[in-house]
Amino acid sequence: MSARIYHLALARDWAEAQVAGEYAVSTLGRTLAEEGFIHASREEQWRGVRERFYADVAEPLVLLVIDPDRLHAEVREEEVPGSEETFPHLYGPINLD
């Protein structure tokens with residue numbers, strides 16, 4: 001089994017995904033279609049992502065804990081400009097099961 005990966009989501013986006021049948025938000029304010037992939041983090045990274053990019057978000061957040069082995073989407077570890085770390089990127093929507 002692969003290590004879990006994580007994605008911070010607005011609670012309302014996650015609720016909308018329950019109706020739509022899949023989650024397709026890439027990051028705060030951007031869809032999968034706009035960005036080309038969904039941003040994710042490893043366990044040791046998600047808190048830093050929350051601090052850097054979600055600190056000013058006043059609405060409720062949820063932390064999606066994702067088992068990569070159950071995803072239909074491809075997961076790629078990729079470099080991020082301006083960072084020495086790689087991050088997991090999901091090339092497709094997150095299936096709800």
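Residue numbers count from 1 along this sequence.
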Can you check whether [X] reaches [Y] side chain to side chain, under 4.5 Å on heavy atoms?
X	Y	value
W46	L64	no
L96	Q18	yes
E78	F87	no
D97	E22	no

What's the shortest heavy-atom distance between [X] and [Y], and which atoms?
X	Y	answer
G92	L32	C-CD2, 3.5 Å
I5	A40	CD1-CB, 4.3 Å
A73	P93	CB-O, 3.7 Å
S41	V49	OG-CG2, 3.5 Å
V75	L90	CG2-CG, 4.2 Å

Are W14 and L61 in one and the same hydrophobic cluster, where Ile, Leu, Val, Met, Phe, Trp and Tyr link if side-chain heavy atoms are under 4.5 Å apart? no

Does L8 belong to the same Ile/Leu/Val/Met/Phe/Trp/Tyr cluster as V57, with side-chain heavy atoms less than 4.5 Å apart forming each link?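 Both belong to a single hydrophobic cluster.
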
Ring pair (Phe, Tyr, Trp, His ring centres under 6.0 Å) contacts in which one or both residues fall within residues 48-86, not counting sequence neighbours: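 The answer is none; no pair qualifies.
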
Pair E59 + R12, salt bridge at N-O below 4.0 Å: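 Yes.
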
May I ask you to check whether H39 and H7 place their ring centers less than 6.0 Å from one another?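 For H39 and H7, the ring centres are not under 6.0 Å apart.
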
Whether E34 side chain and T31 backbone form a donor-acceptor pair below 3.5 Å: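 It does hold such a pair.
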
Under the side chain to side chain donor-acceptor pair (under 3.5 Å) rule, collect the residues that match up with E85, sequence neighbours excluded. Q45

Verdict with reasoning, T86 to E77, per side chain to side chain donor-acceptor pair (under 3.5 Å): CA-CA 6 Å; T86 62; E77 280 289 327; 2.9 Å; yes

Are E16 and V25 close enough, and set up right, to give a side chain to side chain contact (heavy atoms under 4.5 Å, CB included), and what steps lead you there? CA-CA 10 Å; E16 289 172 9; V25 177; over 6 Å; no

Residue R70 excluded, over 12 heavy atoms near CZ under 6.0 Å: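 No, because the 6.0 Å sphere around CZ of R70 holds 12 heavy atoms or fewer from other groups.
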
Distance (rounded to the nearest 0.5 Å) between I94 CD1 and I66 CD1: 4.0 Å

Atom CZ in R47, atom CZ in R52: separation rounded to 0.5 Å?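 Between atom CZ of R47 and atom CZ of R52 there are 13.0 Å.
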
Output the rest of the hydrophobic cluster of F37: all Ile, Leu, Val, Met, Phe, Trp and Tyr residues reachable through side-chain heavy-atom contacts under 4.5 Å, sorted by chain and number.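 F37 shares its hydrophobic cluster with Y91.
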
Worked verdict on E43 versus Y6 for side chain to side chain contact (heavy atoms under 4.5 Å, CB included): CA-CA 7 Å; E43 184 173 11; Y6 300 82; 3.5 Å; yes

